[in-house]
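Side chains are part of it too, since the values below use all heavy atoms of this structure and drop only hydrogens, waters and symmetry mates. Residue numbering restarts at 1 for every chain, and letters A, B, ... go by the order of the sequence lines.
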Amino acid sequence: MSWTEIKNLQTIPLGEIPVFSVEELRHQTISKIQNGERLVQFFGDKTSEGVVLYVILADDNASRLYVASSKFRGEKAYQSFTPEAPSAHMFEREFYEQFGIEPEGHPWLKPVRSGIPGIDSEEIPYKFFSMEGEEVHEVGVGPIHAGVIEPGHFRFSCHGEKIYQLEIKLGFQHRGVEDLFVKNANRPVYLEKLAESVAGDTVIGHAGGFIRAVESLADTAVSIRAKLIRTIALELERIAVHLGDLSALSGDVAYLTGNSVFGALRTKVINTTMSICGNRFGRGLMTLGGVNFDITPQLLDKISAVVDRLDVDVELAAEVLFSSASVLERFEKTGVVEKETAAAIGMVGPAARASGVAVDVRSDHPFGGFELIPVHKLTLESGNVFARAYIRFVEIQQSIRIIREQLGGFPEGETKTDLGALGKNSFVVSLTEGWRGEIAYVVLTDGGGRIRKVKIKDPSFNNWFALSLAVRGEGISDFPVCNKSFNLSYCGFDL
Amino acid sequence: MLDLLRLRWRHGNQAIPDITKAELMDTHRGFPVIDESKYKNDWQKVIDVCPAGAITKSPVSIDLGKCIFCGECERASGGAIRFTNKHKTGSSERNHLIVPAGTGYDKYNEDAIESRKEIHGLFGRSLKLRQVSAGGCNGCEMELNACSNVNFDMGRFGIDFVASPRHADGIVVTGPITKNMAPALMDAYKSISDPKIIIAVGACAISGGVFADSDQLKREVLDEFKIDLYVPGCPPHPLTFINAVLDFIGRKK
């Protein structure tokens, strides 16, 4: 039996997915990961016959995905994948939390969001790692942080000013998103809006991921015009958040010029998104079968003028930012994640690329407009705060180029196509490169063509652990700038 | 050095001169107006389209506390419901957020926000707020952050977000109040000294928004607060938030 080979957004019948024994699935998954494949998804699905575990791996160079499964008919444990495949660590914790099937030998089997049944409760609180000794102390931060940001708890074990270890406890934002998708499967308009709210800073990314999955299940082709409008919106989203991050990173090292200038540039970009669809974050634009708003010729001119001016302003602002000694002193050599580490723990997105791991869904597993637009994968080597800041600058320039290329010769066509009926007993994987990295939606339908399982993976799910590793050995005062250089999502992780 | 000067020159002055009179572009979906007679079919069709369950019949009304301003009803009703670009939608009364057909923007705002004298006396020139995100998707949080950026510069009115509830006069709640955040929200609330004000920002905080029927929420903790100000939106525009707060502290009167 071999793994089912699929492409991004290719719907397959559920029955085609091979079922291995869990030992066999473990053995094959580990050997495939050791041979360079990447773990995309690892999740359970409760059926009448027990819990089915699905594993999805990616061969990025060949633009292929591989799917296999295993069935648990009442077994309460299996041998953990994590010791030999560290990128599975968070997935296995999630699987345990949701189904109570224990990965034996997992190095730190702690709750992910809502607590492990029978282990984590108000009476028996979450157990943090602790350390004792001379000049050793612990700092707890959160769930409410100093700024206007989402909640999460950080526990630093410090030796003097140095961070020895950072433990991140999340789950405060858990609002049962995946269940809401299934509960409201017969309300397509609601589902579009729900997908927009999985992570409010990645509206186009998440809505696009879900919507393309459903369009594939319905075998509905979207017009090229609609695809390009979506692409422009996705790249505007990327530019806007990257600008906001450069602004915040400047603020964290008290470089106020950068803080103001990048912030003001971001405002211009999100206002451009509002001129397309009436909302600064792109809410209301994406719909099943296309887009709700067209881009008129006048609007094309406006977008064109905005990106032209932006191109000059960003380059100038970046030149000033990245040549300031006081900024470089804080950015360089701070918060390093080595390439081997980044690959081993399965990092994605700009943070992975800043460490030299060349992964970019737009190029590896093209979706939507990127089936037509070649994207060159940008990487840096140093994996520090500087690299994660600088890669944002070069990605902004890249996105400006992508948008510019689309503006000339915009194709005619409908903006919305009617959605067909969803395939029965089907399975689809939808990968999207959001500004944070790979967003993975897996959608399963039942015998009536109704959505019965939605599994979401925000890139933050891969990358939070990288932040823990990045701050080891750094001064605790460098934590904010390290944290901002990743800018991970709490709600996207917590779901 | 020359680059820095050039950058400063190109940056110019980004501040909006008068926050209270600022207008948004036409595409912005702000205050909705309803002309019941313009839609001839059964309104139930429009009601069913609304993903937030914000529309009710006789008379046709929109609950801004539930509305996510997505514009689906505008398309479904052929413009009988129309979202204007007007951004002032805040109210100090929950029921006032329910906008019946025929209500205009000016009429809505005549008595939307009740400004109490002692609030003006205490906070009219300085209001420090602690923000708590309790399940928010980061949309509201980003717009609240934007209130303090160079464009909106809320600090010019003496309104700021502070790090500790001990330094705060009030709390700004976003998100549908998840089970896992409810205890921390209560802790923050208890840490603020009286008289504390509570501002609910966004459809999620006001009504649960798109997460209203999730089983992971614990909205009953809100029953322990008297919410002083509701700021609708998904997320509310910074102008909506700042103007609502200015009206509430009686800054313009």
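Listed here is the closest heavy atom pair of A/Ala264 and B/His11: CB-CE1, 3.5 Å. Heavy-atom minimum distance, A/Cys491 versus B/Cys137: SG-O, 3.3 Å. When all heavy atoms are compared, the tightest approach of A/Phe281 to B/Pro235 is CE1-CG, 3.5 Å.
For the atom pair CD1 of A/Ile149 and CG of B/Asn138, the computed distance is 8.5 Å after rounding to the nearest 0.5 Å. The CG atom of B/Leu7 sits 7.5 Å away from the CG atom of A/Asp313 when rounded to the nearest 0.5 Å. To the nearest 0.5 Å, atom CE of residue B/Met25 and atom OG1 of residue A/Thr272 are 7.0 Å apart. In this structure, CZ in A/Arg283 is found 10.5 Å from SG in B/Cys70, a value given to the nearest 0.5 Å. Note that CZ of B/Arg130 and CD1 of A/Ile144 are 6.0 Å apart. Values are rounded to the nearest 0.5 Å. Taking OG of A/Ser260 as the start and CG of B/Asn149 as the end, the distance is 9.0 Å to the nearest 0.5 Å.
If you tally non-hydrogen atom pairs under 4.5 Å between each of A/Thr257, A/Val261, A/Leu285 and chain B, the highest count goes to A/Val261. With chain B as the partner, the residue from A/His174, A/His145, A/Glu196, A/Glu319 showing the most heavy-atom pairs under 4.5 Å is A/His174. Here B/Arg10 is the residue among B/Glu141, B/Arg10, B/Arg8 with the most heavy-atom pairs under 4.5 Å with chain A. Chain A forms more heavy-atom pairs under 4.5 Å with one residue of B/Arg6, B/Glu143, B/His237 than with any other, namely B/Glu143. For the set A/Gly284, A/Cys277, A/Ser324, the count of heavy-atom pairs under 4.5 angstrom toward chain B peaks at A/Cys277.
For chain A, no part of B/Asp48 is nearby; none of its heavy atoms comes within less than 4.5 Å. With a threshold of 4.5 angstrom between heavy atoms, B/Leu217 approaches chain A through side-chain atoms but not through N, CA, C or O. At a 4.5 Å heavy-atom cutoff, A/Asn259 makes no contact with chain B through either its backbone or its side chain. Contacts of B/Cys50 with chain A are made by backbone atoms alone, with heavy-atom separations under 4.5 Å and no side-chain atom involved. For B/Asn151, the part lying under 4.5 angstrom from a heavy atom of chain A is the side chain only. When heavy atoms are compared at a cutoff of 4.5 Å, B/Ala182 does not approach chain A at all. Heavy-atom distances place no part of B/Ile177 under 4.5 Å from chain A, backbone and side chain included. Using a 4.5 Å cut-off between heavy atoms, B/Val162 touches chain A through its backbone atoms (N, CA, C, O) alone.
Counting heavy atoms from C-beta on, the side chains of A/Val177 and B/Phe211 come closer than 4.5 Å. A 4.5 Å side-chain heavy-atom check between B/Met142 and A/Arg266 finds at least one atom pair inside the cut-off.
Judged purely by atom type and a 3.5 angstrom limit, B/Thr178 uses its side chain to pair as donor or acceptor with the backbone of A/Phe172. Checking side-chain atoms of A/Lys193 against main-chain N and O of B/Ile68 turns up no donor-acceptor pair under 3.5 Å. A donor-acceptor distance shorter than 3.5 angstrom exists from the side chain of B/Asn180 to the backbone of A/Gly171, with no hydrogens or angles considered. Remark: side-chain polar atoms of A/Tyr190 are paired, donor with acceptor, to backbone N or O of B/Val210 under 3.5 angstrom. Checking side-chain atoms of B/Ser214 against main-chain N and O of A/Arg175 turns up a donor-acceptor pair under 3.5 Å. Between the side chain of A/Gln173 and the main chain of B/Gly136, a donor-acceptor pair closer than 3.5 Å is present. A donor-acceptor pair under 3.5 Å is formed between the side chain of B/Asn145 and the backbone N or O of A/Val148.
Counting non-hydrogen atoms of other residues, nucleotides and ligands closer than 6.0 Å to CG of A/Asp418 gives a total of 12 or fewer. Other residues, nucleotides and ligands place more than 12 heavy atoms under 6.0 Å from the CZ atom of B/Arg75. Annotation: A/Lys183, atom NZ; neighbour count of heavy atoms from other residues, nucleotides and ligands within 6.0 Å is above 12.
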* To do: Please step through side-chain contact (heavy atoms from CB on, under 4.5 Å) for the pair A/Asn292 and B/Glu72, ending with a clear verdict.
  => CA-CA 9 Å; A/Asn292 282 323; B/Glu72 291 291 341; 3.6 Å; yes

* Start with the C-alpha distance between A/Lys268 and B/Gln14, add both sets of side-chain angles, then the distance that settles side-chain contact (heavy atoms from CB on, under 4.5 Å), and finish with yes or no. => CA-CA 10 Å; A/Lys268 295 201 169 98; B/Gln14 297 294 326; 3.4 Å; yes

* Pair A/Arg280-B/His28, side-chain contact (heavy atoms from CB on, under 4.5 Å): steps then yes or no -> CA-CA 9 Å; A/Arg280 304 216 299 171; B/His28 173 74; 6.0 Å; no

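Because its NZ or CZ atom is not both nearer than 6.0 Å to the ring centre of A/Phe293 and within 45° of the ring axis, B/Arg29 does not count as a cation-pi partner of that residue.
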